[in-house]
*Asks:* 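Following this message is one structure expressed as structure tokens.
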Amino acid sequence: MSFVVKCLDCGHTTPYYPASVNCPRCNSQWRDVEYDYEAIAKTMPAQIAGRPFDMWRYRELLPVRSPNPVLSLGEGGTPLIQAVNLGMMLGCPNIYIKDERQGPTGSFKDRQAAVTIAALKEAGITEMVAASTGNVAISYSAYAARASIKLWAFVTSLVPAVKMREIALYGSQVVKVTGSYDQAKQVAAEFARQRNLYQDMGARTLTSVEAMKTIGYEIAEQLTALIGLNNNHAGKPRPIWRMPDWYIQSVSGGMGPLGVAKSFHEMKQMGLIDKLPAIAVIQAEGCAPMVQAWSLGKDKAEPVTSPRTHIETLATGDPGRTYTLLYKQVKESGGTFESVSDEEAFRAMHVLAKMEGISSEPAAAVGFAGLFKLVRAGVIKSTDVVVVNCTGHTMPAEPFVLGDNWARNVVLPSQARKDETPQDGLLSALSNIAPDRFPRVAIVDDSPETRRLIRRILQSQGNFTIYEASGGKEGLKIINQERPDLVILDLMMPEMDGFSVLDALKAKPETASIPVIVATAKELTAEEKGRLKGQIQTLMQKGDFLSDEFLEEVRTLLG
Ligand SMILES: *Cc1c(COP(=O)(O)O)cnc(C)c1O
Ligand SMILES: [Zn+2]
């Protein structure tokens, strides 16, 4: 495999040695790996067809001379999952999740660790230093263990203790630094300098950026298999892979999207794709130097010296030159930088788990909160194909997300009373789990899909007794019979529409005061709005309602 390292500042090229981190001509540490793209373009598509679906599939485009299968933990090759329920909720059906939780240590850092450790092993390096907000050190520790490399892991004291213990479990030396992540990086760098040890240098670590490219290649292959090519490449040569319209990722230092963006350019250059996706980079509001700079139109970020976010994984206050490089990529791609509050991220984490069965760590949820924001703002269109990187697995953030009362207790009597069979004891214990009466909600909608979605949203939030009707007549009958506490009503239904249902409800004293939420896909005329005025509590646009807002309404109305 042939590749060279090219200096970003003076253009000088050298062979690649992991331990030499400066350009020999100008001393810059900002460099890039270049491959023989022309040759690779000719051979790669055919070659990869016969390889397993993991990140080494793209080995011609990674700076490791001879990948050693013995070091592998099965990194890469994570699934691309369609988010059907989220798509319905957002009115944006083509949302896909690149599930990086399924990496060997549960985050996308496994890619960078796998390639970096492989290169270090190849170069005979036996000891290294890394500063981390948690996940980098976990991944490096696992791969370093396999490669018998000693790792010194510098973490801030805010990193959750479970993460620190995992690092220690792999045999790495954890060094807790009481200070910011940027300070931990400085301490680690000084330690490495004094001992002359190899150190991870974030986006200046060539292997790390190169490793992240594999996310882009996998998305291209997976999306093509899932939805095929689009047909508008008139006159141009037909690409072999499909790109999404958007790639969304939560960031700290920004290495992930930098590597992924490089893969997009490589694929374009090799004629494998015909367009570049827009890149959306999402930060936590309490530590969003990139978003601040972007909003001012600047390509240099002012460091945030004391990050204010609970999401420690994303606490890089000073992104340095990585931001400048990323700024260029995002701008050229037609993408954007956006920030979300911790609260929005925790809410998104909950929605993602409840709606899609995906339990992500808060840092990953930041990307999804960003998705919600961009869809709501109309930046992402309903027809866009969107891939969100779900960067990492759940870490104990439950206290923030779930609050108290997230479980119910069943205490079984240790010995059944004489007059009681064991079943009785069990039944009486179980009867404590579910109170007799739950709030009762009638859903009147002719679309089974919509009824299912609303039912799912309600049930994910708590216990409800739900009645469903597929039309106005049936709905009216059920409402009269059951007298629910709330009605969720569609307007456009054949036979008897929502307007007539409302008229009938309001005409009867027994049903006149039942609160009604109208959920409609229809753009209402002024006259129709007039008809609803005073008759209903809330008007929700279908597909436009996010479960949280909807639920807040439900909760308020049910008192
Ligand atoms: C590292 C990390 C990020 C941020 O990644 P960068 O691209 O390096 O900024 C986001 N989420 C998780 C779970 C991470 O581990
Ligand atoms: Zn140089």
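Numbering starts at 1 and runs along the sequence shown. In this text the structure is predicted, and so the values were computed from the model without any measurement. Start at 1 and go down the list; that is how both ligands and their atoms are numbered.
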*Asks:* Regarding ligand 1, does P257 bring an N or O atom to under 3.5 Å of one of the ligand's N or O atoms?
*Replies:* no

*Asks:* Any idea which protein heavy atom is nearest atom 15 (O) of ligand 1, and the distance to it?
*Replies:* K109 NZ, 2.5 Å

*Asks:* Examine G256 against ligand 1 and note whether any of their N/O atoms are separated by less than 3.5 Å.
*Replies:* yes

*Asks:* Assess, by modelled atom type and distance only, whether the side chains of Q222 and Y217 contain a donor and an acceptor separated by less than 3.5 Å.
*Replies:* no

*Asks:* Which heavy atom of the protein is the closest neighbour of atom 12 (C) of ligand 1, given with residue, atom name and distance?
*Replies:* T391 OG1, 3.3 Å

*Asks:* How does T313 reach ligand 1, if at all, at less than 4.0 Å between non-hydrogen atoms: by side chain, backbone, both, or neither?
*Replies:* side chain

*Asks:* Do V4 and P15 have side chains that get closer than 4.5 Å, going by heavy atoms?
*Replies:* no

*Asks:* So, T324 versus K300: side-chain donor-acceptor pair below 3.5 Å or not?
*Replies:* no

*Asks:* Examine the proximity of ligand 1 to N135 and report which part, side chain or backbone, both or neither, has a heavy atom under 4.0 Å away.
*Replies:* side chain

*Asks:* For ligand 1, find out whether one of its N or O atoms is nearer than 3.5 Å to an N or O atom of S107.
*Replies:* no

*Asks:* List ligand 1 atoms under 4.0 Å from V251, heavy atoms only on the residue side.
*Replies:* 4 (C), 9 (O)

*Asks:* Counting only heavy atoms, which portion of Q249 has something under 4.0 Å from ligand 1: side chain, backbone, both, or neither?
*Replies:* side chain

*Asks:* To the nearest 10°, how many degrees is the angle C26 SG to the Zn ion (ligand 2) to C23 SG?
*Replies:* 110°

*Asks:* With a cut-off of 2.8 Å, does any N, O or S atom of C10 fall short of it relative to the Zn ion (ligand 2)?
*Replies:* yes

*Asks:* Please say whether E361 places an N or O atom under 3.5 Å from an N or O atom belonging to ligand 1.
*Replies:* no

*Asks:* Who's the nearest protein heavy-atom neighbour of atom 5 (O) of ligand 1, and how far?
*Replies:* F108 CZ, 3.3 Å

*Asks:* Do T105 and D110 pair up side chain to side chain, a donor and an acceptor below 3.5 Å, judged on atom types alone?
*Replies:* yes

*Asks:* Under 4.5 Å between any side-chain heavy atoms of W152 and K150, yes or no?
*Replies:* yes

*Asks:* For atom 8 (O) of ligand 1, what's the nearest protein heavy-atom neighbour? Residue, atom name and distance, please.
*Replies:* M255 N, 3.6 Å

*Asks:* Among G367, G259, G253, S252, which one has a heavy atom closest to atom 4 (C) of ligand 1?
*Replies:* S252

*Asks:* Counting from 1, what ligand 1 atoms have a heavy atom of G392 closer than 4.0 Å?
*Replies:* 13 (C)

*Asks:* Can you tell me which residue among R51, R57, R242 is in a salt bridge (Lys or Arg N to Asp or Glu O under 4.0 Å) with E221?
*Replies:* R57

*Asks:* Are the charged groups of R111 and E218 less than 4.0 angstrom apart, N to O?
*Replies:* yes

*Asks:* Can we say D245 and K381 salt-bridge, meaning some charged N sits less than 4.0 Å from an Asp/Glu carboxylate O?
*Replies:* no

*Asks:* In ligand 1, which numbered atoms sit nearer than 4.0 Å to a non-hydrogen atom of A363?
*Replies:* 11 (N)

*Asks:* When you compare the side chains of S2 and Y35, does any donor N or O come within less than 3.5 Å of an acceptor on the partner?
*Replies:* no

*Asks:* For S250, counting its heavy atoms only, list the atoms of ligand 1 lying under 4.0 Å from any of them.
*Replies:* 4 (C), 10 (C), 11 (N)

*Asks:* Heavy-atom contacts under 4.0 Å between L314 and ligand 1: side chain, backbone, both, or neither?
*Replies:* side chain

*Asks:* Determine whether R146 and L73 make a side-chain contact, defined as any pair of heavy atoms from C-beta on separated by less than 4.5 Å.
*Replies:* yes

*Asks:* Among side-chain atoms of E210 and T207, is any donor-acceptor pair under 3.5 angstrom?
*Replies:* no

*Asks:* Are F3 and Y37 near enough that their ring centres are under 6.0 Å apart?
*Replies:* no

